[in-house]
Amino acid sequence: DFFKGSFILTYSGLFPSFLYQIKLLDSKHLLVLLLFVWAVDVSSYYLGKALGKTPFFPKLSPKKTWEGFLGGLIAGVFIFYLLSGKSILYGVFMVILAVMGDLFKSFIKRQVGIKDFSHTLGEHGGFVDRFDSLLFVSPFYLWVIR
């Protein structure tokens with residue numbers, strides 16, 4: 001119960017506070033972060049669907065592939081560098097954090113026994129499914145822009 005309570009407070013309270021701090025610094029930074037995360041998610045999804053053959057983490061998320069990961073990595077680093085002008089290495093680390101956030105949310109969904117939190121966005125799941133990566137990346141991105 002203590003672990004579950006701590007997790008809920010961290011995930012639903014602490015992580016979103018980083019997004020708020022980013023917004024306070026400059027709304028442009030929040031837009032850069034959103035575009036970065038969505039580039040990683042969308043590129044991973046479509047390239048993985050089109051070219052994916054090699055499973056990435058089959059027990060957590062059976063449809064994720066290495067090919068999708070590489071597509072998301074390239075798109076994410078490109079968008080991050082283009083929009084922020086920051087180091088490519090920061091972009092690589094942010095992609096890794098974004099994927100970790102996505103896999104973590106997949107872990108939660110497997111524990112609960114569901115595929116997506118909703119079907120509002122069709123094959124992409126629901127709005128909550130779009131923010132899993134964002135929450136994991138936001139603390140590091142805040143550090144980068146400060």
Side-chain angles (χ1 to χ4, degrees), residues 7-146:
F7 164 75
I8 289 169
L9 287 174
T10 301
Y11 197 75
S12 63
L14 180 63
F15 280 0
S17 75
F18 291 109
L19 294 172
Y20 181 69
Q21 291 175 51
I22 292 167
K23 165 78 171 87
L24 289 178
L25 285 176
D26 189 347
S27 295
K28 175 192 164 255
H29 292 302
L30 188 57
L31 182 59
V32 167
L33 183 60
L34 286 168
L35 291 172
F36 162 79
V37 167
W38 290 337
V40 172
D41 278 352
V42 171
S43 298
S44 296
Y45 175 77
Y46 283 113
L47 287 170
K49 190 171 183 175
L51 306 172
K53 302 248 186 289
T54 314
F56 190 58
F57 277 92
K59 287 188 179 187
L60 280 181
S61 195
K63 292 186 178 181
K64 286 186 180 34
T65 64
W66 278 102
E67 294 83 2
F69 169 74
L70 291 175
L73 177 69
I74 292 167
V77 169
F78 175 75
I79 290 293
F80 179 72
Y81 181 75
L82 182 71
L83 297 177
S84 73
K86 302 286 184 184
S87 169
I88 290 174
L89 290 176
Y90 287 154
V92 170
F93 190 68
M94 286 179 54
V95 169
I96 291 168
L97 288 172
V99 171
M100 287 174 56
D102 192 44
L103 289 171
F104 183 70
K105 187 65 73 99
S106 293
F107 171 74
I108 293 171
K109 291 188 287 189
R110 296 295 172 258
Q111 296 299 307
V112 177
I114 59 175
K115 183 190 178 317
D116 292 316
F117 286 106
S118 81
H119 298 287
T120 309
L121 301 173
E123 293 178 335
H124 293 279
F127 291 107
V128 174
D129 295 293
R130 293 295 74 178
F131 290 97
D132 47 10
S133 300
L134 185 67
L135 292 177
F136 266 63
V137 172
S138 60
F140 180 74
Y141 183 67
L142 180 61
W143 177 81
V144 167
I145 61 176
R146 280 191 173 164

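Residue numbers run from 1 in the order of the sequence given.
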> Which pair of heavy atoms, one from Val77 and one from Gly91, lies closest together, and at what distance?
Replying inline: CG2-C, 3.7 Å

> What distance do Leu24 atom CG and His29 atom NE2 have between them, rounded to the nearest 0.5 Å?
Replying inline: 11.5 Å

>> Using the side-chain contact (heavy atoms from CB on, under 4.5 Å) criterion, which residues pair with Ser44? Sequence neighbours excluded.
In response: Val40

>> Tell me the closest heavy-atom pair linking Gly76 and Val95, and the distance in Å.
In response: CA-CG2, 4.1 Å

> Hey, what do you get for CG (Leu14) to CG (Leu135), rounding to the nearest 0.5 Å?
Replying inline: 10.0 Å

> Mind checking what makes side-chain contact (heavy atoms from CB on, under 4.5 Å) contact with Tyr81, not counting sequence neighbours?
Replying inline: Ile88

> What is the minimum heavy-atom distance between Ser133 and Ala98, and which atoms define it?
Replying inline: OG-O, 2.8 Å

>> Can you confirm whether Asp102 sits close enough to Lys64 that some side-chain heavy atom of one is under 4.5 Å from a side-chain heavy atom of the other?
In response: yes

> Under the side chain to side chain contact (heavy atoms under 4.5 Å, CB included) criterion, do Leu47 and Thr65 qualify, and how do the steps go?
Replying inline: CA-CA 9 Å; Leu47 287 170; Thr65 64; over 6 Å; no

> Going from CZ on Phe56 to CG on Leu70, what distance comes out if it is rounded to the nearest 0.5 angstrom?
Replying inline: 8.5 Å

>> Run the side chain to side chain contact (heavy atoms under 4.5 Å, CB included) test on Ser43 and Ile74 for me, step by step, so that the C-alpha distance in whole Å, both residues' side-chain angles and the decisive distance to 0.1 Å come before the verdict.
In response: CA-CA 9 Å; Ser43 298; Ile74 292 167; over 6 Å; no

> Going by the angle between their ring planes, with limits at 30° and 60°, are Phe69 and Trp66 parallel, tilted or perpendicular?
Replying inline: perpendicular

>> Would you say that more than 12 heavy atoms from the other residues, nucleotides or ligands in this model lie under 6.0 Å from the NZ of Lys23, or not?
In response: no

> How many angstroms lie between OH in Tyr141 and CG in Leu30, if you round to the nearest 0.5 Å?
Replying inline: 8.5 Å

> Shortest non-hydrogen contact from Ser84 to Val32?
Replying inline: CB-CG1, 4.3 Å

> How close do Phe15 and Ser138 get, heavy atom to heavy atom, and via which atoms?
Replying inline: O-OG, 3.6 Å

>> side chain to side chain contact (heavy atoms under 4.5 Å, CB included) for Phe140 and Tyr90? Distances and angles first, verdict last.
In response: CA-CA 9 Å; Phe140 180 74; Tyr90 287 154; 3.7 Å; yes

> Which distance, rounded to the nearest 0.5 Å, do you find between the CG of Asp26 and the CD1 of Ile145?
Replying inline: 8.0 Å

> About how many Å separate CG of Leu25 and CD of Gln21, when rounded to the nearest 0.5 Å?
Replying inline: 8.0 Å

> Which word best sums up how the rings of Phe136 and Phe104 line up, parallel for under 30°, tilted for 30 to 60°, or perpendicular for over 60°?
Replying inline: tilted

>> Do Phe107 and Phe57 have side chains that approach each other closer than 4.5 Å (heavy atoms only, starting at C-beta)?
In response: no

> Does the side chain of Leu83 reach to within under 4.5 Å of the side chain of Leu31, using non-hydrogen atoms?
Replying inline: no

> Of all residues at least two apart in sequence or in a different chain, which pass the side chain to side chain donor-acceptor pair (under 3.5 Å) check with Thr54?
Replying inline: Glu67

> Taking all atoms of both residues into account, what is the closest heavy-atom pair of Leu60 and Leu103, and its distance?
Replying inline: CD1-O, 3.9 Å

> Should we say atom CZ of Phe78 is surrounded by more than 12 heavy atoms from elsewhere, each under 6.0 Å from it?
Replying inline: no

